[in-house]
Amino acid sequence: MGNDKTNMIVAIALSLAVLLGWNYFIAAPRVEQQRQAALQNKAATQATSPDGVPSAAPKEGGPATPVPGTLPGTSGSAGGIVPREAAIARSPRVTIDTPALAGSIALKGGRIDDVSLKNYHETVDDKSPRIVLLSPTGTENPYYAEFGWVGQNAGPLPGGDTVWTADAATLAPGKPVTLSYDNGAGLLFKRIIAVDEKFLFTVRDEVENKGGNAVSLYPYSLVSRWGKPHTQGYYVLHEGLIGVLGADGLQEYTYDHLAKEPALGNASTKGKTWAGVTGGFVGITDKYWAAAAIPDQSAPYTGSFTERTDGATKVYQANVLGNVQVVQPGASAAATQKLFAGAKEVNTVNAYQADQSIKQFDLLIDWGWFHFITKPMFRALDFFFHLLGNFGVAILVVTLCLKLLFLPIANKSYQSMAKMKAVQPEMTSIRERYKDDKMKQQQAMMELYKKEKINPVAGCWPVLIQIPVFFALYKVLFITIEMRHAPFFGWIQDLAAPDPTNILNLFGLLPFAAPDFIHLGIWPIIMGVTMFIQMKMNPAPPDPVQAQIFTFMPIVFTFMLGSFPAGLVIYWAWNNTLSVIQQYVIMRRNGVKVELWDNLSGMFKRKNAVAKS
């Protein structure tokens, strides 16, 4: 087989391998998972343990340092599962009211356990329910943040059943709230909570020792989630516990991964601990939302991810445990920590990293191993979005810019392909002349390439260049919240979701819902047509097997991309269109005949011939 045919098959194989791999690991389950995603906040979890916080302080004669797995935050719910509104009503509360957040802080426990996002909804309809991020114990899926102290010989410390008093009814930007609690044993606790206009809470815990003995206290913060949530399960997306912890850097643990870790402190708690780290954060992340505890970036701490079983429920926690503070009689101590609870907006997360000096906070967004491609891709799309006001148009413009950037490489590739078409008769003659001697056939081909200055692998470059662009755009469309519910034009109201139309009900003209097993919308068909045209611009391959591959590739890709994000399909169709125009111009300049119309007419002639026979 000649090198030209080998290289074309290699290019096809590379393209198919990438897309088949993506389809297997990502696209195939997408439709079903999207249908189930609506149930994410309704996944039943059973909270059956009695209310109250287990003592986190070591017993007399116990270890000097609290074990991270025994931190508070694991109290259950008395009375079983109740509606969210009823669970919220169980405690007196301080209202949270910011431009981005709505919710409340429970005075019983002092937890931030009621947060919804004002600017994000469950569907593209702005009248649909807001995204609920944090919920109190007693609900189906408790998820909250907690701050406080653990220690020795300090008397009762504030816990999940402690009722605090507040100096204000509402927490808002520029209007912090102070919570107070006297333990009756000489310690006066204060918690000053502030919030900005986006998603960042600042929590300063203070303790004053009015007793006669010194006490040793450890500040802590945690994010606790009851029950394993619905996850999309994509290989390219991390959902679960996440953190940046000292020299160990980024740590990502799925919910299932935690179950494989060794026990911490007691048999019911498993997890991973990082001691003596400085800077970073720990938290729990979903695809678009996250809650993260952020310690003092200059003070050492112990970070941990833990999983424990409470009754029938798995409890997942990301914990921060600060170093001991010895509070002498008449003295006081303080610890300041932060909580991120909100949407993983790229510019917001980056701003927090810069303004708050949070080590590698940008890794809260899963840019992946190829962040050096995906980040610039997002920045380009975001730039043109703010310039043009539409992410779909931004995709078209970025694709055009990439075409211009790689124009020299692509031009050389197409010029080489044009030269190969020009010498096609000579190549056919060589094959016939040495059809029984493959070695001489290869040698003659190489001499022809050298004589005509043809690079036989040049045709692979357009495909190879497109693969990383395809990956980067898919990643950006998939992980960034900016693409969520971002409209294009017409029926495309969410570039991160598949084209909602389906050929089975004539794209909505027939009055029934199309089944999910075949998801083939208008844009995938447009993409398939552009790919078909691009294939037909080349002369028909002489090898029948190769010709069949070229014939069926557009059909296979059309069905394969049917369940991909609409933004990616639009990119592919637009890229094909630009490639067709570019290839047409180069072929004309090189005096090579464009085979498009001949190939199309040849198809109909063959069909007529078959019909007559």
Starting from the C-alpha separation in whole Å, work towards a yes-or-no answer on side-chain contact (heavy atoms from CB on, under 4.5 Å) for Thr336 and Thr202. CA-CA 7 Å; Thr336 300; Thr202 300; 3.9 Å; yes
Chi angles and distances behind the side-chain contact (heavy atoms from CB on, under 4.5 Å) call for Val282, Val320: CA-CA 7 Å; Val282 297; Val320 169; 3.5 Å; yes
Looking at every non-hydrogen atom in both residues, tell me the closest pair between [X] and [Y] and how far apart they are.
X      : Y      : result
Ala293 : Val223 : N-CG2, 3.9 Å
Asn209 : Pro329 : ND2-N, 3.5 Å
Val195 : Ala172 : CG1-C, 3.7 Å
Ala106 : Arg93  : N-NH1, 3.4 Å
Trp149 : Ala334 : CH2-C, 4.1 Å
Val326 : Ala214 : CG1-CB, 4.3 Å

Is [X] reaching over with its side chain to a backbone N or O of [Y], donor-acceptor style, under 3.5 angstrom?
X      : Y      : value
Glu146 : Gly110 : no
Glu252 : Leu241 : no
Thr98  : Ala100 : yes
Arg111 : Phe147 : no
Asn183 : Leu157 : no
Asn390 : Phe488 : yes
His485 : Asp494 : no
Thr139 : Pro136 : yes

Do the side chains of [X] and [Y] get close enough for a salt bridge, i.e. N-O under 4.0 angstrom?
X      : Y      : answer
Glu261 : Lys272 : no
Asp366 : Lys344 : no
Lys270 : Glu307 : no
Asp113 : Lys108 : no
Asp362 : Lys375 : yes

Min side-chain heavy-atom separation [X]-[Y] under 4.5 Å:
X      : Y      : result
Tyr143 : Pro229 : no
Val177 : Lys175 : no
Phe378 : Phe383 : no
Thr309 : Val315 : no
Val346 : Asp382 : no
Ser116 : Leu133 : no
Gln297 : Thr278 : no
Leu217 : Val324 : no

Measure centre to centre between the rings of [X] and [Y], then say whether the value is under 6.0 Å.
X      : Y      : answer
Phe370 : Phe471 : yes
Trp289 : Phe199 : no
Tyr316 : Trp226 : no

Distance from [X] atom [atom1] to [Y] atom [atom2], nearest 0.5 Å?
X      : Y      : atom1 : atom2 : answer
Arg130 : Leu117 : CZ    : CG    : 9.5 Å
Leu200 : Phe340 : CG    : CZ    : 8.0 Å
Leu179 : Thr162 : CG    : OG1   : 11.5 Å
Met483 : Leu495 : CE    : CG    : 7.5 Å
Lys210 : Ser332 : NZ    : OG    : 11.0 Å
Tyr218 : Thr302 : OH    : OG1   : 9.5 Å

Show your reasoning for whether side-chain contact (heavy atoms from CB on, under 4.5 Å) applies to Ile131 and Glu122. CA-CA 6 Å; Ile131 292 296; Glu122 292 182 2; 4.1 Å; yes
Between [X] and [Y], a side-chain donor and acceptor under 3.5 Å:
X      : Y      : answer
Thr123 : Ser128 : yes
Thr170 : Asp97  : no
Arg84  : Ser135 : yes
Ser221 : Gln337 : yes
Lys190 : Ser180 : no
Thr254 : Asp256 : no
Tyr301 : Asn319 : no

side-chain contact (heavy atoms from CB on, under 4.5 Å) between Val349 and Gln353, worked out: CA-CA 6 Å; Val349 170; Gln353 175 172 301; 5.8 Å; no
Determine whether more than 12 heavy atoms belonging to other residues, nucleotides or ligands lie under 6.0 Å from atom [atom1] of [X].
X      : atom1 : result
Asn323 : CG    : yes
Lys118 : NZ    : yes
Lys359 : NZ    : yes
Gln360 : CD    : yes

Under the side-chain hydrogen bond (donor to acceptor under 3.5 Å, both in side chains) test, residues paired with [X] that sit two or more places apart:
X      : value
Glu206 : Arg204
Lys198 : Glu345
Asn119 : none

Angle class for the Tyr181/Trp164 ring planes (parallel below 30°, perpendicular above 60°, tilted otherwise)?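 Rings of Tyr181 and Trp164: tilted, 30 to 60°.
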Working note: Asp205 + Tyr220, criterion side chain to side chain donor-acceptor pair (under 3.5 Å); need CA distance, chi angles, decisive distance, verdict. CA-CA 10 Å; Asp205 271 303; Tyr220 77 86; over 6 Å; no
